[in-house]
**Student:** 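Quick one: structure below, then a few questions.
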There are 2 protein chains.
Amino acid sequence: MDQRRADKIRETLEQLIITGAFADGERLDEIRLSERFSVSRTPLREAFQMLAASGLLELVPRRGAYVRHPGIIELVEMFEVMAELEGMCGRLAARRLTNDGLGAIKQAAEDCETALGSGNADAYYSENERFHNLLYEASGNSFLAAEARKLQRRLQPFRRMQLRVRGRMKQSMDEHRTIVAALEAGNAGAAERALRDHIAVQGEKFNDLMAQYNQSKPKRAV
Amino acid sequence: MDQRRADKIRETLEQLIITGAFADGERLDEIRLSERFSVSRTPLREAFQMLAASGLLELVPRRGAYVRHPGIIELVEMFEVMAELEGMCGRLAARRLTNDGLGAIKQAAEDCETALGSGNADAYYSENERFHNLLYEASGNSFLAAEARKLQRRLQPFRRMQLRVRGRMKQSMDEHRTIVAALEAGNAGAAERALRDHIAVQGEKFNDLMAQYNQSKPKRAV
DNA sequence: ACTGCGTGTTTTGTATACAAAAATCTTGAC
DNA sequence: GTCAAGATTTTTGTATACAAAACACGCAGT
(Lines give C-alpha, C1' and ligand atoms only; values in the text may rest on other atoms or scores of the structure.)
Protein backbone atom coordinates (compact mmCIF):
# COMPACT_ATOMS: atom_id res chain seq x y z
CA MET A 1 0.00 0.00 0.00
CA ASP A 2 2.13 2.80 -1.28
CA GLN A 3 0.99 6.06 0.24
CA ARG A 4 3.39 7.90 -2.01
CA ARG A 5 0.79 10.18 -3.50
CA ALA A 6 -1.82 9.70 -0.82
CA ASP A 7 0.71 10.57 1.86
CA LYS A 8 1.92 13.62 -0.01
CA ILE A 9 -1.65 14.78 -0.39
CA ARG A 10 -2.27 14.15 3.28
CA GLU A 11 0.65 16.34 4.25
CA THR A 12 -0.39 19.08 1.89
CA LEU A 13 -3.98 19.05 3.04
CA GLU A 14 -2.85 18.90 6.64
CA GLN A 15 -0.87 22.08 6.18
CA LEU A 16 -3.72 23.74 4.33
CA ILE A 17 -6.12 22.90 7.13
CA ILE A 18 -3.74 23.83 9.93
CA THR A 19 -2.75 27.12 8.38
CA GLY A 20 -6.39 27.94 7.97
CA ALA A 21 -6.51 27.98 4.18
CA PHE A 22 -9.63 25.92 4.60
CA ALA A 23 -12.18 27.39 6.91
CA ASP A 24 -13.78 25.47 9.73
CA GLY A 25 -16.78 23.52 8.53
CA GLU A 26 -15.84 23.83 4.89
CA ARG A 27 -16.69 20.86 2.74
CA LEU A 28 -13.83 19.48 0.66
CA ASP A 29 -14.87 18.62 -2.85
CA GLU A 30 -13.29 15.36 -3.97
CA ILE A 31 -13.39 16.13 -7.66
CA ARG A 32 -12.09 19.67 -7.42
CA LEU A 33 -9.26 18.63 -5.11
CA SER A 34 -8.33 15.64 -7.23
CA GLU A 35 -8.08 17.96 -10.21
CA ARG A 36 -6.06 20.43 -8.19
CA PHE A 37 -3.56 17.77 -7.19
CA SER A 38 -3.77 15.99 -10.56
CA VAL A 39 -4.66 12.65 -9.07
CA SER A 40 -7.73 10.49 -9.07
CA ARG A 41 -10.20 10.39 -6.25
CA THR A 42 -8.74 7.17 -4.86
CA PRO A 43 -5.54 8.51 -3.25
CA LEU A 44 -7.39 11.64 -2.26
CA ARG A 45 -9.92 9.62 -0.34
CA GLU A 46 -7.14 7.71 1.37
CA ALA A 47 -5.73 11.03 2.49
CA PHE A 48 -9.19 11.96 3.79
CA GLN A 49 -9.27 8.80 5.85
CA MET A 50 -5.95 9.57 7.46
CA LEU A 51 -6.87 13.16 8.18
CA ALA A 52 -10.13 12.02 9.71
CA ALA A 53 -8.25 9.57 11.91
CA SER A 54 -6.17 12.39 13.33
CA GLY A 55 -9.22 14.54 13.82
CA LEU A 56 -8.62 17.20 11.21
CA LEU A 57 -11.53 16.14 9.06
CA GLU A 58 -14.93 14.77 9.78
CA LEU A 59 -16.19 12.19 7.33
CA VAL A 60 -19.95 12.22 7.17
CA PRO A 61 -21.26 9.15 5.35
CA ARG A 62 -22.79 9.97 1.99
CA ARG A 63 -22.28 13.66 2.70
CA GLY A 64 -18.61 14.39 2.34
CA ALA A 65 -15.54 15.52 4.24
CA TYR A 66 -15.76 18.58 6.44
CA VAL A 67 -12.86 20.54 7.86
CA ARG A 68 -12.87 20.35 11.60
CA HIS A 69 -10.97 23.07 13.39
CA PRO A 70 -10.85 22.58 17.12
CA GLY A 71 -12.94 25.11 18.98
CA ILE A 72 -11.56 27.00 21.91
CA ILE A 73 -13.04 24.56 24.39
CA GLU A 74 -11.57 21.56 22.68
CA LEU A 75 -8.21 23.30 22.48
CA VAL A 76 -8.15 23.97 26.19
CA GLU A 77 -9.06 20.35 26.75
CA MET A 78 -6.23 19.24 24.51
CA PHE A 79 -3.76 21.44 26.34
CA GLU A 80 -4.98 19.98 29.60
CA VAL A 81 -4.22 16.47 28.36
CA MET A 82 -0.91 17.57 26.86
CA ALA A 83 0.09 18.99 30.24
CA GLU A 84 -0.65 15.67 31.87
CA LEU A 85 1.29 13.68 29.30
CA GLU A 86 4.30 15.94 29.50
CA GLY A 87 4.16 15.84 33.27
CA MET A 88 4.13 12.06 33.11
CA CYS A 89 7.10 12.08 30.76
CA GLY A 90 8.96 14.27 33.23
CA ARG A 91 8.12 12.05 36.17
CA LEU A 92 9.29 8.92 34.39
CA ALA A 93 12.30 10.59 32.84
CA ALA A 94 13.50 11.82 36.24
CA ARG A 95 13.67 8.21 37.33
CA ARG A 96 14.84 6.54 34.14
CA LEU A 97 17.09 9.09 32.54
CA THR A 98 20.60 8.02 31.58
CA ASN A 99 23.59 10.32 31.64
CA ASP A 100 23.62 10.52 27.86
CA GLY A 101 19.93 11.30 27.80
CA LEU A 102 20.33 14.06 30.33
CA GLY A 103 23.27 15.44 28.38
CA ALA A 104 21.21 15.61 25.19
CA ILE A 105 18.38 17.38 26.98
CA LYS A 106 20.73 19.90 28.54
CA GLN A 107 22.23 20.52 25.13
CA ALA A 108 18.79 21.11 23.64
CA ALA A 109 17.96 23.50 26.46
CA GLU A 110 21.15 25.41 25.74
CA ASP A 111 20.30 25.59 22.07
CA CYS A 112 16.98 27.09 23.12
CA GLU A 113 18.84 29.73 25.08
CA THR A 114 21.01 30.52 22.08
CA ALA A 115 17.97 30.93 19.89
CA LEU A 116 16.36 33.09 22.54
CA GLY A 117 19.47 35.27 22.63
CA SER A 118 19.35 35.78 18.89
CA GLY A 119 15.70 36.67 19.17
CA ASN A 120 14.80 34.21 16.42
CA ALA A 121 11.33 32.95 17.30
CA ASP A 122 11.32 30.25 14.62
CA ALA A 123 14.65 28.86 15.75
CA TYR A 124 13.50 28.93 19.34
CA TYR A 125 10.38 27.09 18.39
CA SER A 126 12.25 24.35 16.57
CA GLU A 127 14.80 23.89 19.37
CA ASN A 128 12.00 23.88 21.89
CA GLU A 129 10.32 21.10 19.97
CA ARG A 130 13.53 19.11 20.02
CA PHE A 131 13.84 19.64 23.76
CA HIS A 132 10.39 18.27 24.36
CA ASN A 133 10.79 15.34 21.98
CA LEU A 134 13.96 14.29 23.76
CA LEU A 135 12.01 14.39 26.97
CA TYR A 136 9.28 12.17 25.58
CA GLU A 137 11.89 9.61 24.59
CA ALA A 138 13.57 9.92 27.96
CA SER A 139 10.39 8.70 29.61
CA GLY A 140 11.42 5.23 28.51
CA ASN A 141 7.86 4.58 27.40
CA SER A 142 7.70 4.49 23.61
CA PHE A 143 3.93 4.40 23.52
CA LEU A 144 3.72 7.46 25.72
CA ALA A 145 6.33 9.21 23.60
CA ALA A 146 4.35 8.48 20.45
CA GLU A 147 1.11 9.76 21.96
CA ALA A 148 2.84 12.89 23.20
CA ARG A 149 4.34 13.57 19.79
CA LYS A 150 0.99 13.06 18.14
CA LEU A 151 -0.74 15.55 20.38
CA GLN A 152 2.15 17.98 20.24
CA ARG A 153 1.92 17.88 16.48
CA ARG A 154 -1.73 18.71 16.61
CA LEU A 155 -1.24 21.58 18.99
CA GLN A 156 1.78 22.83 17.08
CA PRO A 157 0.23 25.86 15.39
CA PHE A 158 -1.34 27.03 18.61
CA ARG A 159 1.80 26.58 20.65
CA ARG A 160 3.61 28.56 18.02
CA MET A 161 1.03 31.29 18.10
CA GLN A 162 1.25 31.67 21.84
CA LEU A 163 5.02 32.14 21.73
CA ARG A 164 4.20 35.55 20.30
CA VAL A 165 2.82 36.63 23.65
CA ARG A 166 5.08 39.29 25.16
CA GLY A 167 7.78 37.82 27.35
CA ARG A 168 6.54 34.28 26.90
CA MET A 169 9.75 33.09 25.29
CA LYS A 170 11.82 34.23 28.24
CA GLN A 171 9.38 32.76 30.74
CA SER A 172 9.38 29.50 28.83
CA MET A 173 13.15 29.42 29.06
CA ASP A 174 13.06 29.88 32.82
CA GLU A 175 10.67 26.98 33.05
CA HIS A 176 13.06 24.87 31.01
CA ARG A 177 15.77 25.55 33.54
CA THR A 178 13.50 24.43 36.35
CA ILE A 179 12.69 21.26 34.43
CA VAL A 180 16.31 20.44 33.73
CA ALA A 181 17.22 21.03 37.37
CA ALA A 182 14.49 18.67 38.52
CA LEU A 183 15.59 16.01 36.05
CA GLU A 184 19.21 16.39 37.09
CA ALA A 185 18.24 16.00 40.72
CA GLY A 186 16.18 12.96 39.86
CA ASN A 187 13.23 14.63 41.55
CA ALA A 188 10.26 12.99 39.86
CA GLY A 189 7.60 15.04 41.60
CA ALA A 190 9.28 18.33 40.80
CA ALA A 191 9.86 17.38 37.16
CA GLU A 192 6.25 16.33 36.77
CA ARG A 193 4.96 19.57 38.28
CA ALA A 194 7.35 21.76 36.33
CA LEU A 195 6.38 20.21 33.03
CA ARG A 196 2.69 20.13 33.72
CA ASP A 197 2.75 23.80 34.63
CA HIS A 198 4.95 24.57 31.64
CA ILE A 199 2.27 23.28 29.31
CA ALA A 200 -0.72 24.35 31.36
CA VAL A 201 0.45 27.94 31.24
CA GLN A 202 0.56 27.65 27.48
CA GLY A 203 -3.04 26.60 27.45
CA GLU A 204 -3.98 29.55 29.61
CA LYS A 205 -1.97 32.08 27.65
CA PHE A 206 -3.48 30.70 24.52
CA ASN A 207 -6.90 31.08 26.00
CA ASP A 208 -6.19 34.75 26.75
CA LEU A 209 -4.85 35.27 23.27
CA MET A 210 -7.90 33.83 21.63
CA ALA A 211 -10.26 35.80 23.79
CA GLN A 212 -9.17 39.03 22.18
CA TYR A 213 -8.22 37.69 18.77
CA ASN A 214 -11.16 35.51 18.07
CA GLN A 215 -14.10 37.82 18.45
CA SER A 216 -15.98 37.12 15.27
CA LYS A 217 -14.98 33.64 14.27
CA PRO A 218 -17.87 32.02 12.47
CA LYS A 219 -18.95 28.71 13.91
CA ARG A 220 -19.41 25.93 11.47
CA ALA A 221 -22.84 24.51 10.76
CA VAL A 222 -23.27 20.95 11.92
CA MET B 1 -18.06 8.86 2.13
CA ASP B 2 -20.21 6.02 3.21
CA GLN B 3 -18.22 3.62 5.30
CA ARG B 4 -21.15 1.27 5.34
CA ARG B 5 -19.22 -1.70 4.01
CA ALA B 6 -15.79 -0.40 4.86
CA ASP B 7 -16.86 0.18 8.44
CA LYS B 8 -18.41 -3.23 8.76
CA ILE B 9 -15.24 -4.79 7.43
CA ARG B 10 -13.18 -2.75 9.84
CA GLU B 11 -15.17 -4.03 12.79
CA THR B 12 -14.97 -7.61 11.61
CA LEU B 13 -11.25 -7.43 10.97
CA GLU B 14 -10.76 -5.68 14.29
CA GLN B 15 -12.42 -8.55 16.10
CA LEU B 16 -10.47 -11.11 14.11
CA ILE B 17 -7.21 -9.41 14.96
CA ILE B 18 -8.06 -8.83 18.61
CA THR B 19 -9.28 -12.35 19.20
CA GLY B 20 -6.10 -13.64 17.66
CA ALA B 21 -7.61 -15.25 14.58
CA PHE B 22 -4.83 -13.54 12.70
CA ALA B 23 -1.41 -14.15 14.10
CA ASP B 24 1.01 -11.39 14.85
CA GLY B 25 3.00 -10.44 11.78
CA GLU B 26 0.63 -12.17 9.39
CA ARG B 27 0.18 -10.49 6.06
CA LEU B 28 -3.40 -9.81 5.04
CA ASP B 29 -4.06 -10.61 1.42
CA GLU B 30 -6.27 -7.99 -0.17
CA ILE B 31 -7.69 -10.23 -2.85
CA ARG B 32 -8.41 -13.20 -0.60
CA LEU B 33 -10.05 -11.01 2.02
CA SER B 34 -12.10 -9.11 -0.53
CA GLU B 35 -13.37 -12.44 -1.86
CA ARG B 36 -14.08 -13.62 1.66
CA PHE B 37 -16.16 -10.53 2.40
CA SER B 38 -17.59 -10.38 -1.12
CA VAL B 39 -16.48 -6.81 -1.71
CA SER B 40 -13.94 -5.20 -3.95
CA ARG B 41 -10.52 -4.14 -2.78
CA THR B 42 -11.55 -0.52 -2.39
CA PRO B 43 -13.60 -0.72 0.82
CA LEU B 44 -11.21 -3.31 2.16
CA ARG B 45 -8.31 -0.92 1.75
CA GLU B 46 -10.27 1.78 3.50
CA ALA B 47 -10.73 -0.60 6.41
CA PHE B 48 -6.98 -1.24 6.37
CA GLN B 49 -6.35 2.49 6.65
CA MET B 50 -8.56 2.78 9.69
CA LEU B 51 -7.05 -0.24 11.39
CA ALA B 52 -3.59 1.11 10.72
CA ALA B 53 -4.58 4.42 12.27
CA SER B 54 -5.55 2.68 15.48
CA GLY B 55 -2.37 0.65 15.47
CA LEU B 56 -3.77 -2.80 14.76
CA LEU B 57 -2.20 -3.03 11.34
CA GLU B 58 1.04 -1.83 9.89
CA LEU B 59 0.87 -0.68 6.31
CA VAL B 60 4.17 -1.14 4.58
CA PRO B 61 4.27 0.72 1.27
CA ARG B 62 4.30 -1.58 -1.73
CA ARG B 63 4.47 -4.56 0.60
CA GLY B 64 1.10 -5.02 2.20
CA ALA B 65 -0.73 -4.89 5.50
CA TYR B 66 0.72 -6.75 8.46
CA VAL B 67 -1.08 -7.63 11.67
CA ARG B 68 0.51 -5.90 14.58
CA HIS B 69 -0.16 -7.41 17.98
CA PRO B 70 1.30 -5.40 20.81
CA GLY B 71 4.23 -7.10 22.48
CA ILE B 72 4.44 -7.42 26.21
CA ILE B 73 6.58 -4.31 26.53
CA GLU B 74 4.21 -2.18 24.51
CA LEU B 75 1.28 -3.50 26.54
CA VAL B 76 2.90 -2.54 29.81
CA GLU B 77 3.59 0.88 28.33
CA MET B 78 -0.02 1.23 27.29
CA PHE B 79 -1.24 0.26 30.75
CA GLU B 80 1.11 2.84 32.21
CA VAL B 81 -0.46 5.56 30.07
CA MET B 82 -3.95 4.26 30.75
CA ALA B 83 -3.28 4.52 34.48
CA GLU B 84 -2.23 8.12 34.05
CA LEU B 85 -5.28 9.00 31.98
CA GLU B 86 -7.68 7.38 34.40
CA GLY B 87 -5.95 9.04 37.30
CA MET B 88 -6.35 12.37 35.55
CA CYS B 89 -10.04 11.66 34.96
CA GLY B 90 -10.42 10.93 38.66
CA ARG B 91 -8.64 14.09 39.69
CA LEU B 92 -10.76 16.26 37.44
CA ALA B 93 -13.96 14.41 38.20
CA ALA B 94 -13.47 14.87 41.94
CA ARG B 95 -13.52 18.61 41.35
CA ARG B 96 -16.09 18.86 38.60
CA LEU B 97 -18.56 16.11 39.38
CA THR B 98 -22.21 17.01 39.65
CA ASN B 99 -24.66 15.28 41.96
CA ASP B 100 -26.27 13.51 39.03
CA GLY B 101 -22.90 12.40 37.74
CA LEU B 102 -21.92 11.04 41.11
CA GLY B 103 -25.24 9.25 41.39
CA ALA B 104 -24.74 7.54 38.04
CA ILE B 105 -21.25 6.43 39.01
CA LYS B 106 -22.44 5.07 42.34
CA GLN B 107 -25.19 3.19 40.53
CA ALA B 108 -22.68 1.69 38.12
CA ALA B 109 -20.49 0.66 41.05
CA GLU B 110 -23.46 -1.04 42.65
CA ASP B 111 -24.23 -2.85 39.42
CA CYS B 112 -20.66 -4.07 39.47
CA GLU B 113 -21.23 -5.45 42.96
CA THR B 114 -24.37 -7.20 41.84
CA ALA B 115 -22.54 -8.82 38.96
CA LEU B 116 -19.75 -9.80 41.31
CA GLY B 117 -22.29 -11.39 43.64
CA SER B 118 -23.74 -13.46 40.84
CA GLY B 119 -20.24 -14.53 39.87
CA ASN B 120 -20.85 -13.58 36.26
CA ALA B 121 -17.50 -12.41 34.94
CA ASP B 122 -18.89 -11.12 31.64
CA ALA B 123 -21.54 -9.04 33.37
CA TYR B 124 -18.97 -7.71 35.78
CA TYR B 125 -16.76 -6.77 32.90
CA SER B 126 -19.48 -4.90 31.09
CA GLU B 127 -20.62 -3.02 34.21
CA ASN B 128 -17.04 -2.23 35.01
CA GLU B 129 -16.62 -0.72 31.57
CA ARG B 130 -19.69 1.42 32.12
CA PHE B 131 -18.32 2.56 35.48
CA HIS B 132 -15.12 3.70 33.89
CA ASN B 133 -16.79 5.36 30.93
CA LEU B 134 -18.96 7.39 33.25
CA LEU B 135 -15.83 8.46 35.02
CA TYR B 136 -14.22 9.61 31.80
CA GLU B 137 -17.23 11.74 31.03
CA ALA B 138 -17.27 13.07 34.57
CA SER B 139 -13.82 14.55 34.00
CA GLY B 140 -15.59 17.29 32.09
CA ASN B 141 -12.92 17.06 29.41
CA SER B 142 -14.40 15.51 26.27
CA PHE B 143 -11.07 15.17 24.55
CA LEU B 144 -9.63 13.33 27.52
CA ALA B 145 -12.70 11.13 27.69
CA ALA B 146 -12.35 10.24 24.03
CA GLU B 147 -8.67 9.39 24.39
CA ALA B 148 -9.37 7.30 27.45
CA ARG B 149 -12.11 5.39 25.67
CA LYS B 150 -9.85 4.80 22.69
CA LEU B 151 -7.10 3.33 24.80
CA GLN B 152 -9.51 1.38 26.96
CA ARG B 153 -10.92 -0.15 23.82
CA ARG B 154 -7.51 -1.20 22.70
CA LEU B 155 -6.64 -2.74 26.03
CA GLN B 156 -10.05 -4.36 26.34
CA PRO B 157 -9.07 -7.97 25.60
CA PHE B 158 -6.15 -7.80 28.00
CA ARG B 159 -8.14 -6.22 30.77
CA ARG B 160 -10.69 -8.95 30.32
CA MET B 161 -8.05 -11.61 30.44
CA GLN B 162 -6.62 -10.35 33.69
CA LEU B 163 -10.01 -10.42 35.40
CA ARG B 164 -9.53 -14.18 35.41
CA VAL B 165 -6.75 -13.86 37.92
CA ARG B 166 -7.84 -15.39 41.23
CA GLY B 167 -9.48 -12.87 43.52
CA ARG B 168 -8.93 -10.01 41.11
CA MET B 169 -12.64 -9.29 40.69
CA LYS B 170 -13.11 -8.83 44.42
CA GLN B 171 -10.01 -6.70 44.75
CA SER B 172 -11.16 -4.60 41.82
CA MET B 173 -14.46 -4.06 43.59
CA ASP B 174 -12.71 -2.86 46.72
CA GLU B 175 -10.77 -0.40 44.65
CA HIS B 176 -14.00 0.87 43.14
CA ARG B 177 -15.28 1.60 46.63
CA THR B 178 -12.15 3.58 47.41
CA ILE B 179 -12.56 5.52 44.18
CA VAL B 180 -16.20 6.33 44.83
CA ALA B 181 -15.39 7.42 48.36
CA ALA B 182 -12.69 9.79 47.11
CA LEU B 183 -15.01 11.23 44.48
CA GLU B 184 -17.77 11.69 47.02
CA ALA B 185 -15.40 13.49 49.34
CA GLY B 186 -14.20 15.64 46.46
CA ASN B 187 -10.66 14.56 47.27
CA ALA B 188 -8.88 15.03 43.94
CA GLY B 189 -5.55 13.65 45.05
CA ALA B 190 -7.06 10.52 46.55
CA ALA B 191 -9.24 9.90 43.49
CA GLU B 192 -6.26 10.28 41.19
CA ARG B 193 -4.12 7.90 43.22
CA ALA B 194 -6.90 5.34 43.64
CA LEU B 195 -7.59 5.24 39.91
CA ARG B 196 -3.98 5.22 38.86
CA ASP B 197 -3.28 2.31 41.16
CA HIS B 198 -6.47 0.59 40.05
CA ILE B 199 -5.18 0.48 36.49
CA ALA B 200 -1.51 0.09 37.30
CA VAL B 201 -2.25 -3.07 39.23
CA GLN B 202 -4.00 -4.40 36.17
CA GLY B 203 -0.87 -3.83 34.14
CA GLU B 204 1.19 -5.66 36.72
CA LYS B 205 -1.20 -8.57 37.11
CA PHE B 206 -1.33 -8.79 33.38
CA ASN B 207 2.42 -8.87 33.26
CA ASP B 208 2.48 -11.79 35.72
CA LEU B 209 -0.16 -13.58 33.75
CA MET B 210 1.73 -13.28 30.53
CA ALA B 211 5.01 -14.36 32.07
CA GLN B 212 3.66 -17.85 32.62
CA TYR B 213 1.24 -18.01 29.75
CA ASN B 214 3.33 -16.63 26.99
CA GLN B 215 6.37 -18.83 26.97
CA SER B 216 6.56 -19.79 23.33
CA LYS B 217 4.85 -16.96 21.49
CA PRO B 218 6.45 -16.58 18.09
CA LYS B 219 7.72 -13.13 17.33
CA ARG B 220 6.76 -11.74 13.99
CA ALA B 221 9.34 -11.09 11.34
CA VAL B 222 9.91 -7.42 10.65
C1' DA C 1 -47.47 32.11 -1.49
C1' DC C 2 -46.36 27.67 0.51
C1' DT C 3 -45.92 22.73 0.78
C1' DG C 4 -45.35 18.03 -1.10
C1' DC C 5 -43.84 15.27 -4.74
C1' DG C 6 -41.15 13.87 -8.77
C1' DT C 7 -37.48 14.35 -11.99
C1' DG C 8 -32.75 15.50 -13.06
C1' DT C 9 -28.24 16.53 -11.41
C1' DT C 10 -24.49 16.15 -8.43
C1' DT C 11 -21.69 13.53 -5.39
C1' DT C 12 -20.41 9.67 -2.75
C1' DG C 13 -19.31 4.70 -2.43
C1' DT C 14 -17.89 0.58 -4.86
C1' DA C 15 -16.19 -2.22 -8.62
C1' DT C 16 -13.13 -2.93 -12.13
C1' DA C 17 -9.34 -1.92 -15.25
C1' DC C 18 -4.71 -0.69 -15.73
C1' DA C 19 0.30 0.50 -14.44
C1' DA C 20 4.22 -0.27 -11.85
C1' DA C 21 6.77 -2.33 -8.27
C1' DA C 22 7.94 -6.51 -5.74
C1' DA C 23 8.26 -11.42 -5.47
C1' DT C 24 8.98 -15.68 -7.67
C1' DC C 25 10.59 -18.75 -10.98
C1' DT C 26 13.58 -20.09 -14.80
C1' DT C 27 17.61 -20.53 -17.05
C1' DG C 28 22.38 -20.34 -17.78
C1' DA C 29 27.17 -19.71 -16.38
C1' DC C 30 30.67 -21.11 -13.31
C1' DG D 1 25.30 -27.72 -7.11
C1' DT D 2 25.19 -22.77 -6.47
C1' DC D 3 24.44 -18.29 -7.67
C1' DA D 4 22.95 -14.53 -10.54
C1' DA D 5 20.44 -12.23 -14.11
C1' DG D 6 16.38 -12.05 -16.70
C1' DA D 7 11.58 -13.25 -17.50
C1' DT D 8 7.13 -14.26 -15.46
C1' DT D 9 3.77 -13.88 -12.08
C1' DT D 10 1.75 -11.57 -8.04
C1' DT D 11 0.43 -7.83 -5.72
C1' DT D 12 0.06 -3.10 -4.67
C1' DG D 13 -1.26 1.65 -6.04
C1' DT D 14 -3.99 4.52 -9.10
C1' DA D 15 -7.39 5.69 -12.55
C1' DT D 16 -11.72 5.17 -14.35
C1' DA D 17 -16.38 3.32 -14.76
C1' DC D 18 -20.62 2.43 -12.67
C1' DA D 19 -24.44 2.33 -8.95
C1' DA D 20 -26.93 4.50 -5.62
C1' DA D 21 -27.83 7.95 -2.35
C1' DA D 22 -28.34 12.89 -1.42
C1' DC D 23 -29.49 17.26 -3.29
C1' DA D 24 -31.77 20.90 -6.21
C1' DC D 25 -35.07 22.49 -8.89
C1' DG D 26 -39.53 22.85 -10.82
C1' DC D 27 -44.30 21.80 -10.84
C1' DA D 28 -48.87 20.84 -9.17
C1' DG D 29 -52.16 21.21 -5.57
C1' DT D 30 -54.07 23.60 -1.68
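To find a chain, count down the sequence lines: A is the first, B the second, and so on, and within it residues start at 1. Since the structure is predicted, the reported quantities are computational estimates derived from the model, not experimental observations. Just so it is clear, the values below take in all heavy atoms, side chains as well, and ignore hydrogens, waters and symmetry mates.
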**Student:** Let me know the distance between CD of A:E46 and P of D:dT12, rounded to the nearest Å.
**Tutor:**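 My rounded result for the distance is 13 Å.
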**Student:** Can you tell me the distance, in whole Å, between the CG atom of B:L57 and the P atom of D:dT12?
**Tutor:**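 Whole-Å distance recorded here is 13 Å.
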**Student:** Find the distance A:R41:CZ to D:dC18:P and express it as a whole number of Å.
**Tutor:**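 Distance check: A:R41 CZ to D:dC18 P gives 14 Å.
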**Student:** List the residues meeting side chain to side chain donor-acceptor pair (under 3.5 Å) with B:S34, not counting sequence neighbours, and say none if there are none.
**Tutor:**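 Once residues adjacent in sequence are excluded, B:S34 has no partner under the side chain to side chain donor-acceptor pair (under 3.5 Å) criterion.
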**Student:** Applying salt bridge (charged side-chain N to carboxylate O under 4.0 Å, His left out) as the test, list every pair that has at least one member in residues 132-151 of chain A; sequence neighbours left out.
**Tutor:**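 Checked against salt bridge (charged side-chain N to carboxylate O under 4.0 Å, His left out) - neighbours excluded - the pairs reaching residues 132-151 of chain A are A:E137-A:R149, A:E147-A:K150.
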**Student:** Got a sec, which residues hit side chain to side chain donor-acceptor pair (under 3.5 Å) with B:E110, two or more places apart in sequence or on another chain?
**Tutor:**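 B:E110: no side chain to side chain donor-acceptor pair (under 3.5 Å) contacts found.
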**Student:** Mind calculating the distance between CD1 (B:I9) and C1' (C:dA15) to the nearest angstrom?
**Tutor:**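 The answer, rounded to whole Å, is 12 Å.
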**Student:** Nearest whole Å is fine: how far is C:dA17 C1' from B:R45 CZ?
**Tutor:**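 To the nearest whole Å, that distance equals 14 Å.
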**Student:** What's touching nucleotides 8-11 of chain C from the protein side, N or O pairs under 3.5 Å?
**Tutor:**
| from | atom 1 | to | atom 2 | distance (Å) |
| --- | --- | --- | --- | --- |
| C:dT11 | O3' | A:R27 | NH2 | 3.3 |

**Student:** Among the candidates D:dT14, C:dA15, D:dA17, find the nucleotide nearest to the side-chain atoms of A:A6.
**Tutor:**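 It is D:dT14.
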**Student:** Which pair of non-hydrogen atoms, one from B:A65 and one from B:L57, has the smallest distance, and what is that distance?
**Tutor:**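 Shortest heavy-atom contact: CB-CD1, 4.2 Å.
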**Student:** Once you round it to whole Å, what is the distance between C1' of D:dC18 and CZ of B:R5?
**Tutor:**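 Value for this atom pair: 13 Å.
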**Student:** For the pair made of CG in B:L44 and C1' in C:dT14, what is the distance, rounded to whole Å?
**Tutor:**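 Computing the B:L44:CG to C:dT14:C1' distance gives 12 Å.
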**Student:** Tell me the interatomic distance from B:Q49, atom CD, to C:dT14, atom P, rounded to whole angstroms.
**Tutor:**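 Rounding to the nearest Å, CD of B:Q49 and P of C:dT14 are 14 Å apart.
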**Student:** Taking ring-ring contact (aromatic ring centres under 6.0 Å, His included) as the test, write out the residues that go with B:F79, two or more places apart.
**Tutor:**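 B:F206.
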**Student:** Measuring to OP1 and OP2 of C:dT14, would you say a side-chain N or O of B:T42 lies under 4.0 angstrom away?
**Tutor:**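 Looking at the OP1 and OP2 atoms of C:dT14, neither is under 4.0 Å from any side-chain N or O of B:T42.
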**Student:** Partners of A:R91 by side chain to side chain donor-acceptor pair (under 3.5 Å), sequence neighbours excluded?
**Tutor:**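 Counting only residues at least two positions away or on another chain, A:R91 forms a side chain to side chain donor-acceptor pair (under 3.5 Å) with A:E192, B:E84.
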